[in-house]
There are 2 protein chains.
Amino acid sequence: MTGRPDDIHPVAPERTQDPQGTPPPAREGIELDTDALEREVERLVDAGAPAEVIAAKVAEFEPVDAAETLAELEPEASIEVLQAMEDEAAAEALAHMDLPLAATVLVDLDPPEAARLIDLMEPDDAADILQELPRAVASDILARLKPKRAAQLGKLALYDPRTAGGMMTTDILVVREAGSIGQAIDAIKHQPSEESQTEVYVVDEQRRLVGTVSMRSLLVGEDTAPVAPLVTRDIDVLTAEQAREEVADLFQRYDYITVPVVDHDRRILGMVTIDDVVDIIESERSEDAQKLVGVAEDEGVHSSVREKMRGRSPWLMFNLIAAQAGSVVLLVYHGFIEAIPIVAAVYPVIANQSGNAGQQSLAVTLRGIVRDQIRRDRVPRLLMRESLTGLFTGFAVGASFAAAIALMHLIVPELNWRLGIVAGLAMALAMPVSCLVGGAIPLILDRRGFDPATASSIFLTMLTDFLSYGIFLSLAFLFRSWLGVGAPPLHAP
Amino acid sequence: MTGRPDDIHPVAPERTQDPQGTPPPAREGIELDTDALEREVERLVDAGAPAEVIAAKVAEFEPVDAAETLAELEPEASIEVLQAMEDEAAAEALAHMDLPLAATVLVDLDPPEAARLIDLMEPDDAADILQELPRAVASDILARLKPKRAAQLGKLALYDPRTAGGMMTTDILVVREAGSIGQAIDAIKHQPSEESQTEVYVVDEQRRLVGTVSMRSLLVGEDTAPVAPLVTRDIDVLTAEQAREEVADLFQRYDYITVPVVDHDRRILGMVTIDDVVDIIESERSEDAQKLVGVAEDEGVHSSVREKMRGRSPWLMFNLIAAQAGSVVLLVYHGFIEAIPIVAAVYPVIANQSGNAGQQSLAVTLRGIVRDQIRRDRVPRLLMRESLTGLFTGFAVGASFAAAIALMHLIVPELNWRLGIVAGLAMALAMPVSCLVGGAIPLILDRRGFDPATASSIFLTMLTDFLSYGIFLSLAFLFRSWLGVGAPPLHAP
């Protein structure tokens with residue numbers, strides 16, 4: 001990336017105040033490269049620059065980058081810088097911080113300043129932070145706001161942040177169905193609005209949602225014409241209680257930009273916009289990779305050791321039991337292993353390989369489930385394809401394994417071509433079964449109402465270990481005289 | 001989900017034509033449940049219903065659901081139904097189909113009908129499909145369109161679909177900076193526009209982008225007032241060549257709804273909207289889980305056996321080598337294993353457990369890399385935390401393992417508390433190292449410019465196998481006399 005720092009300032013002052021109004025010179029498209037500015041801030045901090053200087057530099061960032069840079073500073077430093085920033089920039093940066101951090105910062109600010117910043121935020125961001133604050137601090141802040149604003153935020157803070165109600169903003173444009181376009185435009189003049197709203201909501205006398213009218217049709221219409229004929233009716237709505245995962249799936253599937261949230265009388269409460277949904281989509285999806293190996297969905301790369309342990313330990317404990325169950329075959333056959341101990345160097349490879357083949361089927365099936373691509377009547381065909389893939393690859397890989405074992409005879413005399421044949425055959429048989437199991441486990445968990453990502457991987461490994469050990473050792477036992485294993489084959493030590 | 005099929009019709013006819021204009025009755029929020037309608041279509045098809053009847057039913061769906069339902073039908077049936085649908089609905093459904101399928105369908109339609117449908121699509125969708133068509137068919141269709149439209153689509157089709165240029169639409173609202181608000185509104189009346197555009201683009205005489213003006217400020221301004229003072233200047237722009245992954249990252253980070261695309265003279269070419277970006281975000285993220293286990297990113301749940309094998313086999317072949325390398329320790333120690341064969345039932349459990357612990361660290365670190373949360377100077381702290389997590393959990397899980405082995409003594413006499421102590425200690429030591437390795441591998445791959453997801457998992461398993469076998473067998477060998485292993489400890493059979 002060759003991004004110049006300028007590329008990320010949407011409001012670089014020298015351009016906004018350009019007196020000629022000529023366009024800025026051609027430049028490259030925006031790029032993600034905040035490192036240069038971050039390094040500059042670090043340099044200023046290390047040089048002991050005054051908070052005002054650092055604040056001016058931080059304010060040049062996009063809010064999300066400013067938030068990140070502030071989060072990197074020592075707590076006292078970041079509060080000092082925030083206080084030195086202009087209120088609007090400070091409020092925007094706070095709104096983009098992780099909630100717990102934003103709450104910590106707000107608690108440490110003077111209450112009047114904290115209230116000023118909360119007042120400047122969009123209602124949904126403000127409500128989210130208020131929910132994180134100690135009750136006393138939150139009430140103190142609400143008491144300092146205008147009563148109407150306090151009531152709005154207090155109401156929003158009642159919604160669970162993991163629902164549509166908790167995600168919505170209440171700064172929306174609403175007009176009456178009964179009036180003229182001129183009246184509607186007049187109403188819009190006096191309402192706050194998120195920039196992302198393209199459609200104006202139309203309500204009846206009881207504030208029940210009737211439909212939407214596009215900004216464009218108001219713009220090109222006559223002032224005296226009525227609004228009603230322009231209204232698109234029967235639009236999709238959310239209820240405040242819908243889970244945010246469901247909201248994310250809906251936005252993704254139906255390409256919504258904004259969706260209104262209504263109560264049970266269809267009165268409009270607010271709207272959810274796609275930019276809040278995008279973060280959920282991203283985080284839901286990358287959570288799956290973590291859940292698959294038993295990491296709590298909220299564990300981040302910088303979580304504390306205690307948090308990491310709390311999430312992972314139960315899973316590992318469960319895995320310990322599963323792993324022992326998987327290797328119970330080894331205990332059953334341990335007399336035989338004593339008779340031909342070289343097999344103990346062979347079965348881990350078979351288990352590893354068929355475990356991996358199973359993980360591949362698991363990953364593909366899981367993605368299909370997440371993307372809602374698997375219809376019930378297609379399941380048999382899907383599992384058949386996974387098994388066939390495992391069978392064909394199993395024979396190819398098994399043949400290579402047989403050859404490798406035959407070759408290793410030069411170094412380890414007990415590894416001979418006969419053992420190679422048995423091991424290769426075991427691999428060729430274990431892999432299709434593992435692929436079948438890897439495809440089936442998430443489907444079964446999903447069908448039974450469990451999260452198909454959670455613990456799929458444990459069950460899979462247990463089963464593929466069990467299968468690989470079992471198939472290989474049974475085959476070896478079956479062919480024991482061909483392999484030249486002396487009697488007694490199942491002796492006690 | 002209790003969704004009634006009605007919930008997913010945004011334009012249910014009986015409501016749109018409601019003569020009283022009263023709001024529809026309160027209903028639940030939208031939900032994802034298209035199964036009921038899908039089943040109905042299937043029933044109609046099975047019953048041999050005429051294409052017109054099926055088409056009417058399919059047209060009740062949202063376009064994306066209609067596309068999916070058509071894709072489920074037999075090819076001839078789906079073309080028949082599409083022909084029976086109204087052109088607009090058919091065009092929308094086609095635009096939501098997978099590209100190769102949409103292309104197949106278009107090729108089979110009469111050229112005039114195909115051209116009509118292409119003409120009704122949004123330019124970016126139309127251009128994407130044209131790129132998929134055989135050259136002759138595409139030119140034939142273009143020749144049937146109005147020259148201006150054909151030129152627009154032909155130009156769009158030149159952009160690589162994996163770039164901003166390939167994602168953008170050219171249906172955008174553009175006004176002159178020099179005029180009045182009234183003139184701007186007049187210009188908007190005559191331009192097509194995507195619904196998602198909230199800001200109107202402002203250009204100079206050379207069509208160079210100067211900035212944006214919001215619909216709202218045009219709406220509430222006086223007709224005679226000039227546009228220039230309302231313009232927000234220095235907005236973020238994309239170039240047509242930027243890769244779509246980069247575009248997705250930018251939208252996600254900066255919460256854009258739309259971003260204009262400009263050429264190197266800053267002339268406006270089109271705009272990218274977030275709904276097209278969402279699909280990329282989702283698919284990029286869920287690809288990682290597949291790449292981690294060596295599945296090609298484009299393998300879908302319904303890919304053919306041949307495609308599945310082509311993507312997976314090389315990885316499994318590589319894994320075979322890695323797995324054998326990992327178990328080389330077993331060959332080195334195989335004389336010792338013969339002396340105390342019960343260990344062959346113990347080390348797979350240790351390898352499995354520390355492999356899992358490593359996978360957990362890997363998943364968390366990978367997510368941190370993908371979300372761009374890992375700063376270089378934080379890496380040592382991060383790896384330290386992973387190691388400590390492994391150490392503490394290792395001791396807890398190791399103690400349980402030791403106890404389990406001591407208990408199993410009742411069934412398998414060779415499993416005794418001394419072996420339990422050694423096995424538990426080995427687990428406690430192997431786990432922190434595995435966590436360290438699991439955290440380090442994706443960081444190293446990323447630093448060296450490789451995709452951190454690809455093959456991380458193979459390297460990790462190889463190393464954790466190697467470590468677990470090595471640590472356990474070395475410890476057991478060290479304590480061999482305490483474990484009561486008779487001389488000679490390293491005999492040949």
Side-chain angles (χ1 to χ4, degrees), chain A residues 10 15-16 23 26 29-30 32 189 196 198 208 210 215 219-220 234 236-239 242 249 252 255 257 266 274-275 278 285-286 289-290 293 295 301 305 308-309 312-313 316 319 323 327 330-331 334 337-338 341 344-345 348-349 352 356 359-360 363-364 367-368 373 385 388-389 393 397, chain B residues 10 15 23 26 29-30 32 189 196 198 208 210 215 219-220 233-234 236-239 242 249 252 255 257 266 274-275 278 285-286 289-290 293 295 301 305 308-309 312-313 316 319 323 327 330-331 334 337-338 341 344-345 348-349 352 356 359-360 363-364 367-368 373 385 388-389 393 397:
Chain A
R15 286 179 188 155
T16 321
I30 27 165
L32 264 184
K189 279 188 194 162
S196 46
T198 51
R208 283 181 302 177
V210 175
M215 286 275 211
L219 196 64
V220 302
D234 198 63
D236 290 333
V237 296
L238 295 167
T239 61
Q242 281 184 282
D249 286 344
Q252 195 175 336
D255 289 351
I257 305 288
R266 209 178 162 87
I274 190 160
D275 47 323
V278 163
R285 297 303 174 244
S286 63
Q290 290 198 175
V293 290
V295 176
V301 71
V305 171
K308 283 173 187 288
M309 283 182 63
R312 300 184 193 181
S313 298
L316 286 173
N319 185 60
S327 55
L330 301 178
L331 288 176
H334 85 279
I337 296 171
E338 282 173 48
V349 179
N352 180 327
N356 265 310
Q359 296 283 1
Q360 294 184 325
V364 173
R367 194 180 185 207
Q373 293 175 329
R385 253 188 304 218
L388 283 178
T389 305
T393 4
V397 177
Chain B
R15 285 178 190 156
I30 26 164
L32 265 184
K189 277 188 196 163
S196 46
T198 50
R208 283 182 302 177
V210 175
M215 286 273 211
L219 197 64
V220 303
R233 292 163 202 277
D234 198 62
D236 291 332
V237 296
L238 295 167
T239 60
Q242 280 185 282
D249 285 345
Q252 195 175 337
D255 290 351
I257 305 289
R266 209 179 162 83
I274 189 161
D275 47 323
V278 164
R285 297 303 174 243
S286 64
Q290 290 198 175
V293 291
V295 176
V301 70
V305 171
K308 283 174 187 287
M309 283 182 64
R312 300 183 193 182
S313 299
L316 287 174
N319 184 60
S327 55
L330 300 178
L331 288 176
H334 86 278
I337 296 171
E338 284 174 45
V349 180
N352 180 327
N356 266 309
Q359 295 284 2
Q360 294 183 326
V364 173
R367 194 181 187 207
Q373 292 176 330
R385 251 187 306 218
L388 284 177
T389 304
T393 359
V397 177

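Quick note on labels: first sequence line is chain A, next is B, and so on, each numbered from 1.
Here B:V305 is the residue among B:V305, B:L238, B:L330 with the most heavy-atom pairs under 4.5 Å with chain A. When B:V278, B:T389, B:L331 are compared by the number of non-hydrogen pairs under 4.5 Å with chain A, B:T389 comes out ahead. The choice from B:N319, B:V349, B:I274, B:D255 that makes the most heavy-atom pairs within less than 4.5 Å of chain A is B:N319. If you tally non-hydrogen atom pairs under 4.5 Å between each of A:A345, A:G368, A:S327, A:S313 and chain B, the highest count goes to A:A345.
The heavy-atom pair separating B:Q360 from A:L316 by the smallest distance is OE1-CD1, 3.6 Å. The heavy-atom pair separating A:T393 from B:M309 by the smallest distance is N-CE, 3.9 Å.
Here the straight-line distance linking atom CD1 of A:I257 with atom CG of B:D275 works out to 4.5 Å at 0.5 Å rounding.
Residues B:V364 and A:R312 are in side-chain contact: their nearest non-hydrogen atoms beyond the backbone lie under 4.5 Å apart.
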